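Labels below follow one simple rule: chain letters A, B, ... track the order of the sequence lines, proteins then strands, and each chain is numbered from 1. All values derive from a computational prediction rather than experimental measurement.
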Amino acid sequence: MKLRGQDLPRFRRKLQEWFSGQRRDLPWRRTKDPYRIWISEIMLQQTRVAAVIPYYESFLERFPDVRALASAPQEEVLRLWSGLGYYTRARNLQRAAREIVERHGGEFPRNLEDALALPGIGRYSAAAILSIAYEEPLAVLDGNVARVLARIEAIRGDPRESARWKRLQQAADALLDGRAPGAWNQTVMELGATVCTPRAPVCLLCPAAKWCRARQLGLTDVIPEKRCKRKPIQLLLAAAVFTDRNGRTLLVPPRDATAGEEVSPLFSRMWQFPAVHVRRDAKPELRRYLAEEFGTAALKTAELEALEPVRHGVTFRAITISAFRVRVPRLPRSAGSRSIELGNLTKLPVSNLTRKIARAATAPGRPG
DNA sequence: AACTCGGGGCT
DNA sequence: AGCCCAGAGTT
């Protein structure tokens with residue numbers, strides 16, 4: 001059947017009925033508070049629902065409204081974001097919170113132009129927030145929606161290619177139910193997330209099946225076309241986990257030039273263990289770095305005990321970290337460094353790479 | 001238009 | 001071991 005004229009209302013109704021029956025009960029679906037919708041949409045950028053839920057809960061407990069977020073120290077915001085990834089989202093989130101307080105009286109703007117002017121808000125997020133929180137008639141287009149619409153309309157090729165993305169946006173605009181834009185947008189996204197999945201879509205359970213041209217043409221496996229990514233590169237780091245008698249360790253600050261401009265980004269510019277990029281042999285190169293950074297006296301007698309190697313991926317980089325425990329009577333110091341309990345890194349913003357290293361250092365039965 | 005940014009869960 | 005996700009900002 002064609003998705004035009006008389007059949008469009010039928011299509012919408014079918015999908016909305018499906019949604020009302022299959023709608024997942026998600027925390028951000030229990031509120032109409034624009035602030036909460038906003039937080040959820042930022043967290044959900046390129047991040048799965050299951051990963052977001054615990055962060056959403058604790059973040060909102062700590063920052064229940066936009067003023068609480070605006071007035072917090074940035075480090076506190078990053079701490080609550082720690083482990084979720086894409087940390088510029090958290091920085092932009094707080095900058096936007098401050099703008100909302102200063103320029104919009106503490107209320108998330110209702111107007112598309114004002115929303116787009118906020119840092120971290122692009123076309124997708126603006127449409128999502130304004131439609132869900134304020135019922136503004138704006139159609140969302142994200143990875144899920146693009147896949148659903150590309151299949152329904154049998155649009156071949158890479159959906160992220162500029163011209164094709166515009167065409168998909170037009171398709172989304174045309175299908176939008178202006179009477180219930182928030183629910184409609186969530187319906188299409190939900191369909192993409194649970195039925196019209198990238199691989200092995202469950203067409204037998206799909207409410208859009210009879211309108212789906214990809215299904216009619218047997219193209220559900222080739223639409224959408226996969227996007228090509230750059231080849232991953234291998235990287236080797238060496239990191240030092242100092243421990244003193246009290247079980248405390250030492251972290252160095254973000255953007256620490258002495259820690260190496262090429263290493264800090266791999267820790268997402270968050271607090272990290274002292275680390276170097278290894279050229280040949282991890283242990284002597286780390287030892288040389290530690291001597292430069294912390295002085296030879298503190299390390300003269302200290303041994304470097306190898307821990308279980310840690311693996312971590314940052315976009316296209318596959319990182320292997322040779323971590324060493326360095327037992328010292330007193331932690332050394334360097335500019336801006338901090339000491340913290342090894343078993344409790346949650347007091348500082350750290351990336352998951354740092355967490356993995358800490359876990360390797362506290363895990364039972366490690367080598368050495 | 002091409003890159004970069006995190007991390008994990010599922011096939 | 002891939003693959004991709006409720007994308008946005010920068011170059």
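- The distance from atom CE of A:M270 to atom P of B:dC5 is 14 Å, rounded to the nearest whole Å.
- Rounding to whole angstrom units, NZ of residue A:K356 and P of B:dG6 are separated by 13 Å.
- Between A:R160 and A:D158 there is no salt bridge, since no side-chain N of the basic residue sits under 4.0 Å from a carboxylate O of the acidic one.
- Between A:I100 and A:Y35 the shortest side-chain heavy-atom distance does not fall below 4.5 Å.
- Across B:dC3 and C:dA6, the matching C1' atoms stand 22 Å from one another, rounded to whole Å.
- No contact: A:I42 has no heavy atom under 4.0 Å from any strand.
- By the 4.5 Å heavy-atom criterion applied to side chains, A:I340 and A:R338 are not counted as neighbours.
- In this entry the distance linking CD of A:E161 with C1' of B:dA1 reads 9 Å, nearest Å.
- Under 3.5 Å, the side chains of A:S82 and A:R355 contain a donor-acceptor pair of N or O atoms.
- Shown here are the side-chain contact (heavy atoms from CB on, under 4.5 Å) partners of A:A239, two or more places apart in sequence or in another chain: A:F273, A:A275, A:I321, A:I357.
- When rounded to the nearest whole Å, the span between CD1 of A:I319 and C1' of B:dT4 equals 13 Å.
- Comparing the P positions of C:dT11 and B:dG6 gives a spacing of 15 Å, expressed to the nearest Å.
- Nucleic acid contact for A:R24: base, since at least one base atom lies under 4.0 Å from a heavy atom of the residue.
- Of the residues in residues 73-89 of chain A, A:G83, A:L84, A:G85, A:Y86, A:Y87 come within less than 4.0 Å of DNA chain B through at least one heavy atom, sorted by number.
- Legend: residues meeting side-chain contact (heavy atoms from CB on, under 4.5 Å) with A:A139, ordered by chain and number and at least two apart, are A:Q169, A:A172, A:D173, A:L176, A:N185.
- One can place CG of A:D158 at 15 Å from C1' of B:dC3, the figure rounded to the nearest angstrom.
- Note on A:L26: a base of the nucleic acid sits closer than 4.0 angstrom, heavy atoms only.
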Convert the base pairs of DNA chain B into dot-bracket notation, remembering that pairs crossing earlier ones are written with [ ] and that bases paired across to another strand are shown as |; include only Watson-Crick or G-U pairs under 3.5 Å.
|||||.|||||
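- By the neighbour-count criterion of 12 heavy atoms within 6.0 Å, atom CZ of A:R103 is sparsely surrounded, having that number or fewer from other residues, nucleotides or ligands.
- Between the side chains of A:T47 and A:R89, at least one donor N or O lies within less than 3.5 Å of an accepting N or O.
- Between A:H312 and B:dG6 there is no side-chain N or O to OP1 or OP2 distance below 4.0 Å.
- Within 6.0 Å of atom CZ in A:R123, more than 12 heavy atoms from other residues, nucleotides or ligands are found, so the atom counts as buried in its surroundings.
- In terms of position on DNA chain C, the residue among A:K226 and A:G120 whose nearest nucleotide sits closer to the 5' end is A:K226.
- In this entry the distance linking CZ of A:R160 with C1' of B:dA2 reads 14 Å, nearest Å.
- Nearest-nucleotide assignment on DNA chain C puts the 5′-proximal partner with A:R199, out of A:V49 and A:R199.
- One finds the CD1 atom of A:I223 at 11.5 Å from the CD1 atom of A:I152 (value rounded to the nearest 0.5 Å).
- Contact check, A:S162 against B:dA1: a side-chain N or O comes under 4.0 Å of OP1 or OP2.
- Rounded to an integer number of Å, the gap from A:M43 CE to B:dG6 P is 15 Å.
- Rounded to the nearest 0.5 Å, atoms CG (A:L348) and CH2 (A:W271) are 6.0 Å apart.
- Counting non-hydrogen atoms under 4.0 angstrom, A:R29 reaches a base of the nucleic acid.
- Taking the side chain as every heavy atom from C-beta outward, A:W28 and A:I39 never approach each other to under 4.5 Å.
- The residue A:S351 sits close only to the backbone: its heavy atoms come under 4.0 Å of sugar-phosphate atoms, none of a base.
- For A:Y87, the side-chain contact (heavy atoms from CB on, under 4.5 Å) partners are A:L78, A:W81, A:R91, A:S268, A:M270, A:S351, not counting sequence neighbours.
- A:R317 has its CZ atom 13 Å from the P atom of B:dC3, to the nearest Å.
- Along DNA chain C, read 5' to 3', the first and last nucleotides having any atom under 4.0 Å from a heavy atom of chain A are C:dG2 to C:dG9.
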